[in-house]
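Small disclaimer: the values here were computed from a predicted structure and weren't measured. Each chain gets a letter, A, B and so on, in the order the sequences are listed, and its residues count up from 1. Heavy-atom basis, side chains included; hydrogens, waters and symmetry copies ignored.
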Amino acid sequence: MPVKVLDFWASPFGVRVRVALAEKGVSYESQEEDLFGGKSDLLLQSNPIYEKVPVLLHDDKPVLESSNIVYYIDETWPSPKLLPASSYDRSRARFWTDFIDKKVYDAGRNIWMGKGAEVEAAKDEFIDVLKKLEGALGNREYYGGDQFGFLDIIFVSLSCWFPTYEKYGGFKVEEETPKIAAWLKKCYKRETVAKSMPDSQKVIEFVGMMRKMHGIE
Amino acid sequence: MEKGNKGVQLVGFWVSPFVHRVKWGMKLKGIEFEYIEEDMFNRSPLLSQINPVTGKVPVLVHDGNPLPESSIILEYLDEVWSHAPLFPIDAYQRAQARFWSKFADQKVLESAWLTVCSKDEIQEKAVKDAIGHLERVEEKLGGRRFFGGDTIGYLDLMMGFIAYMLPVWEEVAAVTILDALKFPNLAAWKSNFVDHPTINGDLPSKDEMLTFFQWQREVHLQRI
């Protein structure tokens, strides 16, 4: 059954789907969406409520929302398992996935979209979120324990935007949360992650363009 | 590995729809548990111990291990107690259920709650938004008895607040969101839901909900 992904090169949520499919060794067709020029009919039909990427189409049936898509990928292609073995650990992974989804991207967005004093407040909030996630990692190699797993995919994908937040927020992830910086370095050595992430310099340029569009600079 | 015997506790607040979902989920699956009421306006140290990250209810404690977030708890229940499943079996249907449960909370519940906490133009917009979101839910439900099909399931529990709490919010806010004539599918589902034997005997008192949410509305309007 064919697999197609509607994606956008800079989307950290798209990265999640790329990494998950690569971890499972699933081949798929990727369709790049022009989010500013005109979304495809397929995207508008597949995701009429939010009109967002990524969308996974499995045998033409759409699965929406990146975390949902990664759950679906894990359930549909069982090997290797991305979620942890025990029910309780799986639930903790779901909890932190939910936390990451609700907090990280929006806190980061407030940094690069913010004006004046808003930026400082947004930076503090973002660092606070990161500190909580650093606490959740503890002394483990990965969020998945000894092995790179589900929660690592969910979180590492967002890091392609971290240099952007660092630039506009005036901070360094390595100084604020060194354990997270170390974990990121480990993840970037993984082939599935390295080939799925967009160039962070290109992301910075892209965000610069968006700031102009929104009249921030 | 031997199962521990510290049992199952549910820490909740009497009027929270997020707590109700979990309570009903456990009853549907026949899971025995101890309910611990937490006064959310006078929180005990227990809550910050078992849910230091968000400090919210519900929190399930199983064998001494805490787990917050209603949708995550429901998924955990299905994994540990695999009989009487709440979730669909098929992976695609599960993905659909997860998507719509987020829609229920982030769109329907948020906009409906805003009508209670606001007035004038903000309230008018919230009503329009809530109606728009419900139109999508109406279409999703179609003519089925429950979101789960013939039997009540996860998505019914997540959407459940629409059946018994939304009417209270509409009364408190003096607005109409779920007009039975415009939403025949949801109107029928509402009755199926509240008449279900597990739900029916275990709904919070309408008068107590009215008093609570009237007070909440006053508090929120004072802040504006």
*Please report the C-alpha distance between A:W96 and B:V53 in whole Å, then the side-chain angles of each, then the deciding distance to 0.1 Å, and finally whether the side-chain contact (heavy atoms from CB on, under 4.5 Å) criterion is met.*
CA-CA 10 Å; A:W96 284 108; B:V53 181; 3.6 Å; yes
*Could you go step by step and tell me if A:F95 and B:I73 meet the side-chain contact (heavy atoms from CB on, under 4.5 Å) rule?*
CA-CA 9 Å; A:F95 170 80; B:I73 297 171; over 6 Å; no
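Interface remark: A:K102 contributes side-chain atoms only to the contact with chain B (heavy atom separation under 4.5 Å). Looking at A:I69, there are no atoms closer than 4.5 Å to chain B (heavy atoms on both sides), in backbone or side chain. Contacts of A:K132 with chain B are made by side-chain atoms alone, with heavy-atom separations under 4.5 Å and no backbone atom involved. Residue contact with chain B, scored on non-hydrogen atoms closer than 4.5 Å, involves the side chain of A:D101 exclusively.
The two atoms that bring B:A95 and A:V63 nearest to each other are CB-CG1, 3.8 Å, heavy atoms only.
Aromatic pair B:F99/A:Y50: centroids less than 6.0 angstrom apart.
Atoms OG and CG, from A:S87 and B:N65 in turn, are 11.0 Å apart once rounded to the nearest 0.5 Å. For the atom pair CD (A:E65) and CZ (B:F103), the distance works out to 10.5 Å, reported to the nearest 0.5 Å. Interatomic distance, CZ of B:R98 versus OG of A:S67, reported as 10.0 Å (0.5 Å rounding).
Checked for salt-bridge contact, B:E75 and A:R92 miss the test: no charged N lies under 4.0 Å from a carboxylate O.
At least one cation-pi condition fails for B:R94 and A:Y71: the charged atom is not both under 6.0 angstrom from the six-membered ring centre and inside a 45 degree cone around its axis.
Of the listed residues (B:S71, B:P68, B:P52), the greatest number of heavy-atom pairs within a distance under 4.5 Å of chain A belongs to B:P68.
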